[in-house]
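We name chains A, B, ... by the order of the sequence lines, and we start the count at 1 in each one.
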2 protein chains.
Amino acid sequence: MSRVNKTQFGILSLLSKKDMSGYDIKQMASKVAPFHWSESNAQIYPILKALEKEELVESHVDQKSGDRNRRIYTITTKGLDALKLWLAEPTEPTPAREELLLKLTAGEHAPIPQFIQQLETFRDQILHRQKALVTIQNNIDSAHAEGLRKMYLQMTYDYAALTLEAKLAWCEKSLQTLREYKG
Amino acid sequence: MSRVNKTQFGILSLLSKKDMSGYDIKQMASKVAPFHWSESNAQIYPILKALEKEELVESHVDQKSGDRNRRIYTITTKGLDALKLWLAEPTEPTPAREELLLKLTAGEHAPIPQFIQQLETFRDQILHRQKALVTIQNNIDSAHAEGLRKMYLQMTYDYAALTLEAKLAWCEKSLQTLREYKG
DNA sequence: CGTGTCATGTAATCAGTTACATGATTCA
DNA sequence: TGAATCATGTAACTGATTACATGACACG
């Protein structure tokens, strides 16, 4: 149970909505889920092949669009079943890995202004993500938008929004603490 | 720059505070930083060996405590320098991986009550972590507690507290949305 | 005709986990 | 004496990233 690849389900999940090529999947992932799943870049091609071998997806070479060697993947009934099985499985918590916090635990070995800078960079990264999130929200509002599907998309948006907000608040608070430390 | 192992710095960071054995490091990590760094369990032994080869740490077999084959590691000046260098480096954002959110993007393929259960489990995991966090806060208040060091420890505690709170809020909100969906 | 994007892939490497193996000490 | 904990390690594997390689098409 614990020995299963999760990225393959991310791919199946995307294919359950629309037939796509490997390239499309990469694009979609970075457009729709950049906050909770890495684009898994060039690893999707081997996974697609493995999925096809297991008969969870089928593929054919696309004829349209200039015959550009595009291989389109389609999810099979077996693939949908596998996806549903995964959805029903218990979800283990993700072990977090925040490099900045790891650095903070060794904070006493660096000058305070250095950490102020680290935190400012962190804050900028958050602000940048928040901007990107607005774009995603627009995608949700316009393109798809049908009942259940929209609700679930909105949920993932909310998750990102709320956690980013919390991180930003922490950042501001910590910056103030650092700036006020000893004068 | 991007091709460096971060866990080794976690280990150096702990050794910068106190000489320790591999076993101690494992214990300490799970006690002091369970929220932002995994215990990296049985991988610390090879890393310790690698660090010793690079002369970033030294070791000796402990004589006390019943001669129990304990190898104690000490950080070297070179090791401290490496640690400080890492602290000064820019910190890239961690790509998040939240399996539950990945499942939500395929939400339309499962019955709503199933996702209610998933979210309830998620909430329980958060509540559990929040309890554990109180213990850590006690550790900070009593054991260590000296100026700068305490401040940085407190910061990592705050980070965990704030992000857990945000996730809990999201969880409650989403549960309500699901329960109210169509009656 | 050259740059950018579309499109697919492989090889090498690194990071991390699981499962296993070994043995000493402590304490009920 | 048997279970729990202390203590160190290895082998095999999985997951993910980096860097590379190839080539077609679109456009200005």
Colleague: How many whole angstroms separate atom CZ of B:Phe9 from atom P of C:dG16?
Modeller: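 For the pair B:Phe9 CZ and C:dG16 P, the rounded distance is 13 Å.
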
Colleague: Are any of A:Tyr45's side-chain N or O atoms less than 4.0 Å away from OP1 or OP2 of C:dT8?
Modeller: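 True: A:Tyr45 side-chain N/O within range (under 4.0 Å) of C:dT8 OP1/OP2.
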
Colleague: Sequence neighbours left out, what passes ring pair (Phe, Tyr, Trp, His ring centres under 6.0 Å) with B:Phe9? Give chain and number order.
Modeller: B:Trp86

Colleague: Given D:dT8, C:dT17, C:dA7, which nucleotide is nearest the side-chain atoms of B:Arg70?
Modeller: D:dT8

Colleague: Where the side chain of B:Thr7 is concerned, which of D:dG9, C:dG16, C:dA7 is the nearest nucleotide?
Modeller: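 Nearest nucleotide to the side chain: C:dG16.
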
Colleague: Using a 4.0 Å heavy-atom cut-off, does A:Lys26 contact any base of the nucleic acid, only the sugar-phosphate backbone, or nothing at all?
Modeller: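 No contact.
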
Colleague: In this structure, how many angstroms lie between the P atom of C:dG9 and the NZ atom of A:Lys49, rounded?
Modeller: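 Rounded to whole Å, this separation is 5 Å.
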
Colleague: When you compare the side chains of B:Glu58 and B:Thr76, does any donor N or O come within less than 3.5 Å of an acceptor on the partner?
Modeller: no

Colleague: Quick one: list whatever passes side chain to side chain contact (heavy atoms under 4.5 Å, CB included) with B:Glu55, sequence neighbours left out.
Modeller: B:Lys78

Colleague: Using OP1 and OP2 only, check whether a side-chain N or O of A:Ser38 sits under 4.0 Å from D:dA16.
Modeller: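 Negative; the distance criterion is not met.
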
Colleague: So, OP1 or OP2 of D:dT8: does either fall under 4.0 Å of a side-chain N or O from B:Tyr23?
Modeller: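 Negative; the distance criterion is not met.
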
Colleague: B:Arg179 and B:Glu120: salt bridge (Lys or Arg N to Asp or Glu O under 4.0 Å), yes or no, with the steps?
Modeller: CA-CA 12 Å; B:Arg179 290 197 183 109; B:Glu120 282 171 346; 2.9 Å; yes

Colleague: Using whole Å, report how far CG of A:Leu48 lies from P of C:dT10.
Modeller: 12 Å

Colleague: A:Gln43 or B:Gly22: which one's nearest nucleotide on DNA chain D is closer to the 5' end?
Modeller: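 So the residue in question is B:Gly22.
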
Colleague: Give, ordered by number, those residues of residues 14-21 of chain A having at least one heavy-atom distance below 4.0 Å to an atom of DNA chain D; if nothing qualifies, reply none.
Modeller: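 Result for residues 14-21 of chain A: none.
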
Colleague: In whole angstroms, how far is the P atom of D:dT8 from the CD1 atom of B:Ile11?
Modeller: 12 Å

Colleague: In whole Å, what is the span from the CD atom of A:Gln27 to the P atom of C:dA7?
Modeller: 8 Å

Colleague: Whole Å only: how far is the CZ atom of B:Arg71 from the C1' atom of D:dA7?
Modeller: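 Spelled out: CZ on B:Arg71 to C1' on D:dA7 is 12 Å.
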
Colleague: Given that B:Pro95 and B:Ile72 both sit by DNA chain D, which one's nearest nucleotide is further toward the 5' end?
Modeller: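 Residue closer to the 5' terminus by nearest nucleotide: B:Ile72.
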
Colleague: Please list, chain by chain and in numerical order, all residues satisfying side chain to side chain contact (heavy atoms under 4.5 Å, CB included) with B:Pro95, sequence neighbours excluded.
Modeller: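 Per chain and number, B:Pro95 pairs via side chain to side chain contact (heavy atoms under 4.5 Å, CB included) with A:Ser38.
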
Colleague: Can you figure out which of C:dA7, D:dG9, D:dT17 approaches the side chain of B:Arg97 most closely?
Modeller: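 The nucleotide sitting nearest to the side chain is D:dT17.
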
Colleague: Can you pull out every ring pair (Phe, Tyr, Trp, His ring centres under 6.0 Å) where at least one residue sits in residues 30-49 of chain A? Sequence neighbours excluded, please.
Modeller: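 Of all non-adjacent pairs touching residues 30-49 of chain A, none passes ring pair (Phe, Tyr, Trp, His ring centres under 6.0 Å).
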
Colleague: Scan residues 93-134 of chain B for pairs that pass ring pair (Phe, Tyr, Trp, His ring centres under 6.0 Å), counting only residues two or more places apart or in two chains.
Modeller: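 As it turns out, the ring pair (Phe, Tyr, Trp, His ring centres under 6.0 Å) pairs with a partner in residues 93-134 of chain B, which skip direct neighbours, are A:Tyr152-B:Phe115, B:Phe122-B:Trp170.
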
Colleague: Can you check the B:Ile47 CD1 to D:dG9 C1' distance for me, whole Å?
Modeller: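 After rounding, the gap between these two atoms is 14 Å.
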
Colleague: Rounded to whole Å, please give me the gap between CG in A:Asn5 and C1' in D:dA16.
Modeller: 10 Å

